[in-house]
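Report on the structure given below.
Side chains are part of it too, since the values below use all heavy atoms of this structure and drop only hydrogens, waters and symmetry mates. Every value quoted in this text rests on a predicted model; they were computed, and no experiment measured them.
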Amino acid sequence: MKMIVGLMSVIAILLVALAGPLYKFGVVELGTAFTGFKFGVFTGIAALILLAIQLLFKRNTASIGSALISAVLAITAIAIPLSMMNTAKNVPPIHDVSTDLVNPPEFVAIAPLRADAPNPVAYAGAEVAEQQRTAYPDLQTLTYTQSKPELIEAAKQAIENLGWELVNIDTDKGIIEATETTAWFGFKDDVIILVTDNDSERLVDIRSKSRVGQSDLGKNAARVHSFIEELDGALGE
C-alpha cells in the first residue's frame, strides 16, 4: 500500500509539473497539457484517499516520513490547478489589456510574429474594453513631463530589467515593442509602449496581449503594472 500511495503521489505531481515544459518544448499540444493537469488532480485525490485508508486501517504499514511526503506531493498536485481555476474565476476572461481602450496601441514589428498565433493581433473591441474597465479601472494613460527620447530610453531600461525580449524601437514614432516568454509553459505575450506628445506633456500607453488562450489569468494586467513600476523607477519617480 505504501508503495502504491507513493507512486501515485509522484505520478500526480509529475502530471502537473511537466505539463508546462512538455508544451513549451513542443512535445504535446496545449489541450493535452491541460488534460495532464486534470489527471494530475484526479491522481492526487486518489493518492490522498488511499493514504487515508492506509493510516486508518493499515497504520502499521505506514511511516510518518513517507506518508508526509506523499501527502505533500498529492496536495501540491491538486492545489496548483485548483488555484489557477480559482484565479480564472476572479478575473475577466480576456487576454488583451491596454491603458488606452479607445485607441489601443497597434503592434508594428510584432504583428508579423503573431501571424500564426490563435489570438489575432487586432483589438477585440468594446466588450473586452468594458470587462477591463470593471476589473482593472486603474489602468489608464500615463502622463509624464520628460521628453519622448527620455521616456523611450527609460522604457527600454524597464524592459531589460523585466527580462523581456526587445523587438522594436522607433524613437521618432514613440514606439517600443517587446515579448515576454513565460517560464513554465513558454507562452509568448507581446507588449507595445506608445509615447505621444500632448502640448508640454507626454502621454504613455501600454498594451499587453497574449498569443494563445482565452483567459490570461490576470497576467497581462499584472505585466502592465510591473512595467509601470519599472518605468517610474528608471525615471527616478
Side-chain angles (χ1 to χ4, degrees), residues 20 23-24 26 29-31 33-34 84-85 87-142 151-152 154-170 173-196 203-232:
Y23 170 76
K24 182 177 182 178
E29 297 294 329
L30 186 57
F34 285 142
M84 294 175 66
M85 291 174 61
T87 299
K89 291 179 180 179
N90 291 298
V91 297
I94 61 176
H95 52 261
D96 194 349
V97 169
S98 174
T99 55
D100 185 345
L101 296 173
V102 178
N103 295 298
E106 296 183 2
F107 292 107
V108 182
I110 280 178
L113 302 179
R114 298 179 60 101
D116 297 325
N119 294 334
V121 70
Y123 188 69
E127 183 178 351
V128 168
E130 187 57 37
Q131 291 183 76
Q132 181 189 314
R133 285 192 187 95
T134 301
Y136 315 114
D138 58 320
L139 291 183
Q140 299 180 7
T141 299
L142 307 171
L151 287 166
I152 291 294
K156 179 183 176 182
Q157 183 61 55
I159 286 170
E160 291 176 355
N161 292 346
L162 290 165
W164 302 349
E165 177 189 356
L166 184 63
V167 177
N168 175 41
I169 293 182
D170 189 330
K173 294 183 179 179
I175 291 175
I176 184 166
E177 297 174 274
T179 297
E180 180 183 17
T181 303
T182 62
W184 190 10
F185 274 83
F187 293 134
K188 289 186 178 295
D189 298 340
D190 300 307
V191 180
I192 178 169
I193 298 97
L194 178 63
V195 182
T196 56
L203 304 181
V204 175
D205 282 299
I206 309 105
R207 180 184 177 194
S208 179
K209 183 179 178 73
S210 304
R211 295 189 189 184
V212 300
Q214 180 181 2
S215 173
D216 62 6
L217 304 183
K219 181 63 176 177
N220 284 296
R223 182 177 295 111
V224 173
H225 282 125
S226 296
F227 174 80
I228 293 172
E229 290 180 5
E230 289 292 338
L231 178 64
D232 288 342

#### Entry: Student check: side-chain heavy atoms of N168 and F107 closer than 4.5 Å
no

### Task
Answer whether the closest heavy-atom distance between the side chains of H225 and D138 falls below 4.5 Å.
yes

### Query
So do K24 and T182 actually touch side chain to side chain, heavy atoms under 4.5 Å?
no

### Query
Say you draw a straight line from CE of M85 to CG of L217; how long is it, rounded to the nearest 0.5 Å?
11.0 Å

### Task
Could you list the residues that satisfy side chain to side chain donor-acceptor pair (under 3.5 Å) with T196, not counting sequence neighbours?
none

### Message
Counting C-beta onward and ignoring hydrogens, is there a side-chain heavy-atom pair between I193 and I159 closer than 4.5 Å?
### Response
yes

### Task
Please say whether more than 12 non-hydrogen atoms of neighbouring residues, nucleotides or ligands are located less than 6.0 Å from CD in E160.
yes

### Message
Can you give me the closest heavy-atom contact between L194 and K173, atom names plus distance?
### Response
CD1-O, 3.8 Å

### Task
Can you sort out the partners of E180 under salt bridge (Lys or Arg N to Asp or Glu O under 4.0 Å), two or more places apart, ordered by chain and number?
R223

## Note on the structure
Separation between CD (E230) and CD (Q157), nearest 0.5 Å, reads 8.5 Å

### Query
Given V195, which of L203, D205, L151 fulfils the side-chain contact (heavy atoms from CB on, under 4.5 Å) condition?
L151

### Message
The test is side chain to side chain contact (heavy atoms under 4.5 Å, CB included); show your working for I94 and E127 and say whether it passes.
### Response
CA-CA 10 Å; I94 61 176; E127 183 178 351; over 6 Å; no

#### Entry: NZ/NE/NH1/NH2 to OD/OE distance under 4.0 Å, D189 and K219
no

### Query
Is there a side-chain contact between I176 and L166, using heavy atoms and a 4.5 Å cut-off?
yes

### Query
Are side-chain N/O atoms of N220 and S210 paired as donor and acceptor at under 3.5 Å?
yes

### Task
Mind checking the OG1-CG spacing from T181 to D190? Nearest 0.5 Å is all I need.
9.0 Å

### Task
Quick one: closest heavy-atom pair of R211 and L113, and the distance?
NH1-O, 3.4 Å

### Task
I would like to know whether V97 and L139 meet side chain to side chain contact (heavy atoms under 4.5 Å, CB included); could you show each step before the answer?
CA-CA 9 Å; V97 169; L139 291 183; 3.4 Å; yes

### Message
Can you tell me how the ring of F227 sits relative to the ring of W164, calling it parallel under 30°, perpendicular over 60° and tilted otherwise?
### Response
parallel

#### Entry: For I110 against V191, the heavy-atom pair lying closest together
CD1-O, 3.8 Å

### Query
Is there side-chain contact between Q132 and V128, with heavy atoms separated by less than 4.5 Å?
no

### Task
Let me see the working for I206 and L142 under side chain to side chain contact (heavy atoms under 4.5 Å, CB included), right down to the final yes or no.
CA-CA 9 Å; I206 309 105; L142 307 171; 3.8 Å; yes

### Summary
In short, K209 meets D96 closest at the heavy-atom pair NZ-OD2, 3.1 Å

### Message
Among residues at least two apart in sequence or on other chains, which ones pass side-chain contact (heavy atoms from CB on, under 4.5 Å) with N103?
### Response
D100

### Message
Give me the atom names and distance for the closest heavy-atom approach of P92 to Y136.
### Response
CD-OH, 3.7 Å

## Note on the structure
Nearest heavy-atom approach of W184 to M84 is CZ3-SD, 4.1 Å

